[in-house]
*Asks:* 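Could you have a look at this structure, given as structure tokens, before my questions?
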Amino acid sequence: MSELQTIEQRLAEVERELAELKRCLPLKTDEKSWVEKIAGTFEDDPEFDEIVRLGREFRQSVE
């Protein structure tokens, strides 16, 4: 068996596996992504603002 045949066989197997993976994916809908769903949920939340402040403070301390 030549090297070219081996590469072609491997490529064919990859293509079969890719097709199977694509069949397993859910169909795309117009539904919002998880990020869009939660965007703004912590608006005007003082506890979240404190979490953000503490995170910023920590990151600045380790720079």
*Asks:* To the nearest 0.5 Å, what is the distance between CD on Glu31 and CD on Glu36?
*Replies:* 10.0 Å
*Asks:* Name all pairs fulfilling the side chain to side chain donor-acceptor pair (under 3.5 Å) condition that reach into residues 51-63, sequence neighbours left out, sorted by first residue then second.
*Replies:* Glu50-Arg53, Arg53-Glu57
*Asks:* For Leu18, what are the other residues in its hydrophobic cluster, where any two members join if their side-chain heavy atoms are less than 4.5 angstrom apart?
*Replies:* none
*Asks:* Are Phe42 and Ile51 connected in a single hydrophobic cluster, I mean Ile/Leu/Val/Met/Phe/Trp/Tyr linked by side-chain heavy atoms less than 4.5 Å apart?
*Replies:* no
*Asks:* Which heavy atom of Ile38 sits nearest a heavy atom of Thr41, and at what distance?
*Replies:* O-OG1, 2.8 Å
*Asks:* Charged N to carboxylate O below 4.0 Å: is that the case for Glu20 and Arg23?
*Replies:* yes
*Asks:* Take atom CD in Glu13; do more than 12 heavy atoms of anything else shown fall under 6.0 Å from it?
*Replies:* yes
